[in-house]
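Numbers for residues simply follow the sequence, beginning at 1. Indexing begins at 1, ligand by ligand and atom by atom, following the structure's order. Just so we're clear, the structure is a prediction, and the values are computed from it rather than from any experiment.
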Amino acid sequence: MKMVKISIIGTGYVGLVTGSCFASYGNEVICADVDSDRIKNLSKGVLPFYEPGLSELCLKHSNDGTLTFTSDIKYAIEQSDIVFITVGTPTNNYGQMDLSYVYEAVDNIGEYLNQQKIIVVKSTIPAGTTRKLITYLEKKYGLILGVNYKMFSNPEFLRQGTAVYDCLNPERIVIGSNDLSQENELVDVYQSFSDKIINTSYESSEMIKNTANAFLAMKISFINDIASICEQVGADVVHVAEGIGSDQRIGKHFLKAGVGYGGSCFPKDTEDLCTLAGKNNHDFKLLKAVIETNDRQPLLLINKMLQTFGELKGKQITILGLSFKPDTSDIRNAPSIKLIEQLLLLDADINVFDPVALNSIKGIFDERIKYYSNHYDAVANSDACIIITEWNEIVESDINTLVENMKHPIIFDGRNCLNYEYMKTVDIQYHCMGRNSIYNYKLETESIETVKL
Ligand code: UDX
């Protein structure tokens with residue numbers, strides 16, 4: 001197996017996972033970042049976020065010397081044959097994708113290129129950007145594609161929470177290049193996955209990434225709209241999803257109705273694709289509707305609560321799960337944030353529980369809400385609890401113990417993650433998304449108030 005010298009610019013989520021997995025494919029990897037504190041911590045084995053299996057992998061390859069960390073970008077570039085750009089492309093204040101970190105990384109490469117190298121863009125960028133980077137390198141540094149360097153687009157499809165598994169077991173590896181007839185040197189990095197490689201153009205590669213995320217987001221919003229209809233007609237969205245998902249043309253994945261998608265990718269990528277479409281004179285109405293449905297989902301839960309309690313002022317409401325999905329500490333665009341904001345507006349008293357995301361949420365809501373590291377303690381004396389993230393410990397809760405100290409045994413399950421059949425046997429009130437509520441416990445309501453959707 002050929003060993004390749006790789007540098008990774010940007011030690012965010014994608015960079016760290018990819019870097020440590022490349023080391024475990026048998027390559028020599030230098031992870032570089034301008035954030036020297038982050039690099040110091042990484043060198044000591046301290047990761048900036050939680051991702052199952054990642055710290056073990058980093059440690060393993062730091063110890064065997066195949067994975068190193070540096071804040072010296074020049075050194076990282078000079079020492080490697082292949083430079084991966086994995087910096088973030090956040091949304092700026094004007095709702096546009098901010099490509100400045102990508103250009104910064106390209107500037108570093110332009111300045112420090114000491115021999116012919118392969119540059120690979122892994123950061124998510126709009127279609128057409130790779131070609132702009134090539135023009136930029138030529139105009140600013142006189143570097144010519146094919147002479148001084150080769151450039152590939154190689155998007156990542158990692159899911160947070162299972163990123164290490166995804167990286168070690170990829171379903172496909174998309175490689176965009178300017179000349180499909182030329183030998184593709186990236187194949188050396190992905191030797192074990194040669195049957196998974198899809199060779200294509202830069203633009204198609206960039207579009208594949210964006211389209212995949214937009215399509216998955218569409219599936220979620222679609223099933224969420226179906227869930228709302230199911231509630232009205234007395235159908236069960238879980239059964240509907242199972243029924244349609246068995247058709248291989250539809251597929252069973254990403255049909256879980258709930259409080260909506262969050263994270264660093266779906267919300268951003270759907271917005272970015274709408275913008276790209278708009279810039280190209282295409283009004284992407286379908287995708288706009290996907291976003292609109294998603295924005296509405298947390299409010300549906302609030303409405304269910306208002307219908308139950310009449311008003312939420314002074315009610316003790318406990319939120320179980322804050323991260324945008326289980327097995328990650330990431331709260332970016334998490335539905336929990338929108339829900340807490342709305343509940344605060346309605347003057348509810350809020351308790352929250354999450355196994356790993358409490359600190360991040362504290363950064364937003366500080367003393368306005370109460371924080372618990374145990375979910376049984378968090379719900380004590382609560383009028384209701386809401387499940388927003390289906391962490392294992394929440395799903396596997398002993399329901400009788402959970403509700404025994406609550407003021408009212410009322411659960412709003414924003415992820416349909418508790419056992420519905422079992423809930424029918426317990427003395428509780430149980431509300432889910434797209435399924436009939438279970439009213440084994442009755443509560444008198446005074447007045448009905450709803451938020452405008
Ligand atoms: C996503 C893509 O899956 C991944 O390929 C890409 O590289 C990055 O974006 P990620 O953001 O980590 O990954 O999470 P994902 O597992 O896709 O879930 C995104 C959101 O959708 C979560 O908030 C999740 O709760 C929600 N979701 C997912 C649903 O509401 N219903 C579903 O059926 C599936």
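- Between Phe193 and Tyr25, the ring center distance clears the sub-6.0 Å criterion.
- Figure legend: cation-pi geometry between Lys304 and Phe412 absent, as NZ or CZ is not positioned both under 6.0 Å from the six-membered ring centre and within 45° of its axis.
- Within ligand 1, counting atoms from 1 as listed, the ones closer than 4.0 Å to a heavy atom of Tyr261 are 20 (C), 21 (O), 23 (O), 26 (C).
- Counting only non-hydrogen atoms, the option in Arg159, Lys268, Gln297, Glu171 that gets closest to atom 13 (O) of ligand 1 is Arg159.
- Looking at Leu216 next to ligand 1, no N or O pair under 3.5 Å apart turns up.
- Protein heavy atom closest to atom 18 (O) of ligand 1, with residue, atom name and distance, is Lys325 CD, 4.0 Å.
- The backbone N or O of Val426 sits less than 3.5 Å from a side-chain atom of Asn440, completing a donor-acceptor pair.
- Close approach to Lys209 involves these atoms of ligand 1, each under 4.0 Å from a residue heavy atom: 7 (O).
- A 6.0 Å sphere centred on OH of Tyr149 holds more than 12 heavy atoms belonging to other residues, nucleotides or ligands.
- Here the side chain of Ser201 pairs a donor or acceptor atom with the backbone of Ser204 at under 3.5 angstrom.
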| query | Can Glu271 and Thr91 be said to form a side chain to side chain donor-acceptor pair (under 3.5 Å), step by step? | reply | CA-CA 9 Å; Glu271 291 286 355; Thr91 306; over 6 Å; no
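- Here the shortest heavy-atom distance to atom 17 (O) of ligand 1, taken over Phe157, Phe254, Tyr13, belongs to Phe254.
- Listed by number with element, the atoms of ligand 1 under 4.0 Å from a non-hydrogen atom of Glu156 are 7 (O).
- The shortest heavy-atom distance from His253 to ligand 1 is not under 4.0 Å.
- In summary, the atoms of ligand 1 found under 4.0 Å from a heavy atom of Cys265, numbered by their order in the structure, are 8 (C), 9 (O).
- In this structure, the side chain of Thr389 engages the main chain of Leu322 through a donor-acceptor pair within 3.5 Å.
- For ligand 1, the atoms lying closer than 4.0 Å to a non-hydrogen atom of Lys256 are 29 (C), 30 (O), 31 (N), 32 (C), 33 (O).
- Under the 3.5 Å distance criterion, the side-chain polar atoms of Asn27 are matched with a main-chain donor or acceptor of Phe22.
- Here the heavy atom of the protein found nearest to atom 1 (C) of ligand 1 is Phe266 CE2, 3.4 Å.
- Shortest contact from atom 12 (O) of ligand 1 to any protein heavy atom: Gln160 N, 2.6 Å.
- The protein atom (non-hydrogen) at minimum distance from atom 7 (O) of ligand 1 is Leu158 O, 2.7 Å.
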| request: Determine, stepwise, if the pair Ser177 / Lys150 fulfils side chain to side chain donor-acceptor pair (under 3.5 Å). | output: CA-CA 9 Å; Ser177 62; Lys150 291 189 177 173; over 6 Å; no
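- For ligand 1, the atoms sitting less than 4.0 Å from at least one non-hydrogen atom of Leu255 are 33 (O), numbered in the order shown with element in parentheses.
- Contacts between Ile220 and ligand 1 below 4.0 angstrom, taking non-hydrogen atoms only, involve the side chain exclusively.
- With hydrogens and angles disregarded, a donor-acceptor distance shorter than 3.5 Å links the side chain of Asn280 to the backbone of Leu276.
- Within the listing of ligand 1, atoms 25 (O), 30 (O) sit less than 4.0 angstrom from a heavy atom of Arg415.
- The neighbour count for Lys256 NZ, taken as heavy atoms of other residues, nucleotides or ligands under 6.0 Å away, does not exceed 12.
- Heavy-atom distances between Gly258 and ligand 1 stay at or above 4.0 Å for every pair.
- Closest protein heavy atom to atom 23 (O) of ligand 1: Phe324 O, 2.9 Å.
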